[in-house]
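Chain letters run A, B, ... following the sequence lines, proteins first, then strands; residues in each count from 1.
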2 protein chains.
Amino acid sequence: MSLPHAILTALLEKPSSGLELTRRFDKSIGFFWSATHQQIYRELGRLEDGGLIEALPQPPSRGQRKEYRVLPDGRAELSRWVGEGQDPKPIRDPLLLRLRAAAVVGTDGLDAELRRHLTVHQQQLDEYTAIEARDFPAETSAQENRLHHTVLRAGIALETFWVDWLSEALAALTPPAS
Amino acid sequence: MSLPHAILTALLEKPSSGLELTRRFDKSIGFFWSATHQQIYRELGRLEDGGLIEALPQPPSRGQRKEYRVLPDGRAELSRWVGEGQDPKPIRDPLLLRLRAAAVVGTDGLDAELRRHLTVHQQQLDEYTAIEARDFPAETSAQENRLHHTVLRAGIALETFWVDWLSEALAALTPPAS
DNA sequence: AAGGCCATGTAAGTAGTTACATGATTGA
DNA sequence: TCAATCATGTAACTACTTACATGGCCTT
């Protein structure tokens with residue numbers, strides 16, 4: 001149950017409408033939590049019903065922009081949730097499964113898929129390092145900034161892992177023609 | 001939709017009953033795909049209905065062990081799936097989200113949670129490296145073996161990433177009392 | 001005959017995905 | 001006025017989770 005807390009965090013950083021949130025979930029928020037606009041609108045409704053956020057009093061009609069901000073109860077709930085414990089989820093990765101399956105039924109078509117993933121992860125890595133260069137040029141001592149940087153570095157390290165591992169996997173797939 | 005293919009892979013590696021599969025999903029299969037016994041029994045039923053696997057003809061009653069094996073259609077389906085394309089899923093990690101939220105509402109209780117995760121990932125890493133030392137003592141040229149080793153190395157590298165990153169995050173959380 | 005474990009399931013709920021629907025605003 | 005885009009939603013479905021139910025077998 002992390003989506004509501006992702007939304008609370010985003011709204012505390014900056015009050016937004018549903019569509020703005022969707023855009024932010026495609027960018028910076030998306031580095032650690034992804035969500036579609038359908039999920040976001042549904043959850044905004046729930047959070048409003050629960051009294052954790054409110055819409056700026058304005059338009060009752062449909063295609064109209066609706067801006068939300070966090071209420072004190074919402075902030076308290078987020079603060080409570082930060083200290084909550086939650087075990088890390090076990091791995092569930094289709095690509096690793098494909099490799100294992102390929103060991104039984106053959107590697108047909110796997111090569112291309114690995115190359116494709118390598119490209120995707122390399123691009124993501126480039127994007128993250130560009131953001132790091134732009135937003136965190138030197139170490140600062142501001143706590144908030146350091147936390148943001150730490151989260152970004154997790155993204156960088158994860159993408160680096162994938163790039164390295166995919167290269168290794170490609171090598172394992174096509175042994176040197178000796 | 002990877003669970004059926006995880007089961008097909010497991011059954012091809014070794015025909016099993018539902019409970020045996022559950023145990024294997026807690027061990028080696030679980031390194032890349034986790035599943036509970038409820039998921040497994042349901043999916044076994046679907047795969048049998050679909051003619052991809054069959055139960056060894058035996059017991060019609062409830063508390064009785066039922067052994068499954070893969071039919072030719074099942075093997076063909078798995079082979080097809082291996083070559084199928086599927087984009088990597090975007091990150092969705094509650095712990096990273098907690099760090100980001102902590103930047104807004106404060107880091108209360110986060111320290112303990114990071115330490116706890118560090119312990120969990122260190123243990124998992126130790127387990128993986130023990131398996132590596134036991135099962136892959138030297139490089140072999142058998143394709144199947146190399147693929148298995150590559151998958152295991154992904155697990156090792158991922159756990160290593162978490163251990164390193166969590167240590168760094170703890171340092172960022174508690175700045176040096178200068 | 002009772003308790004524990006082996007083994008297979010059912011039921012209900014939550015979260016996420018995919019496809020589609022509807023209205024408002026703006027510029028050609 | 002038409003098309004594109006902004007903006008908010010509904011509906012149906014799939015996957016996963018959590019809690020519980022049922023029966024068989026073995027040991028004491």
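- For B/Glu48 and B/Arg46, the salt-bridge test fails: no basic side-chain N is under 4.0 Å from an acidic carboxylate O.
- Look at CG on B/Leu21: it is 13 Å from C1' on C/dA7, rounded to the nearest Å.
- A salt bridge does not link A/Glu77 to A/Arg75: none of the charged side-chain nitrogens sits closer than 4.0 Å to a carboxylate oxygen.
- Distance, A/Arg65 CZ to D/dT5 P: 19 Å, rounded to whole Å.
- Atom CG in B/Leu19 sits roughly 17 Å away from atom P in D/dG24 (whole-Å rounding).
- Rounding to whole angstrom units, CZ of residue B/Arg23 and P of C/dC5 are separated by 12 Å.
- Using a cutoff of 4.0 Å between basic side-chain nitrogens and carboxylate oxygens, A/Glu84 and A/Arg80 are scored as salt-bridged.
- Rounded to an integer number of Å, the gap from B/Tyr41 OH to D/dT17 P is 17 Å.
- The interatomic distance linking A/Asp87 (CG) with D/dC16 (C1') rounds to 17 Å, in whole Å.
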Nucleotides 14-18 of chain C: which of its N/O atoms have a protein N/O under 3.5 Å away?
{"unit_1": "C/dG16", "atom_1": "OP2", "unit_2": "A/Gln39", "atom_2": "NE2", "d": "3.3"}
{"unit_1": "C/dG16", "atom_1": "O5'", "unit_2": "A/Gln39", "atom_2": "NE2", "d": "3.4"}
{"unit_1": "C/dG16", "atom_1": "O3'", "unit_2": "B/Arg92", "atom_2": "NH1", "d": "3.1"}
{"unit_1": "C/dT17", "atom_1": "OP2", "unit_2": "A/Gln39", "atom_2": "OE1", "d": "3.3"}
{"unit_1": "C/dT17", "atom_1": "OP2", "unit_2": "B/Arg92", "atom_2": "NH2", "d": "3.1"}
{"unit_1": "C/dT17", "atom_1": "O4", "unit_2": "A/Arg42", "atom_2": "NH2", "d": "3.1"}

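- Geometrically, B/Arg98 engages A/Trp81 in a cation-pi contact defined by less than 6.0 Å to the ring centre and at most 45° from the axis.
- Contact check on B/Asp93 versus A/Lys89 returns no salt bridge, with no Lys/Arg side-chain nitrogen under 4.0 Å from an Asp/Glu carboxylate oxygen.
- Residue A/Glu20 contributes atom CD, which lies 13 Å from atom C1' of D/dT8 at whole-angstrom precision.
- Ring orientation note: the planes of A/Tyr128 and A/Phe31 are nearly perpendicular, at an angle over 60° on the 30°/60° scale.
- Among the heavy atoms of the strands lying under 4.0 Å from B/Ser17 are primed sugar atoms or P, OP1, OP2 only; no base atom is included.
- Between B/His37 atom NE2 and D/dT18 atom C1' the separation is 11 Å, expressed in whole Å.
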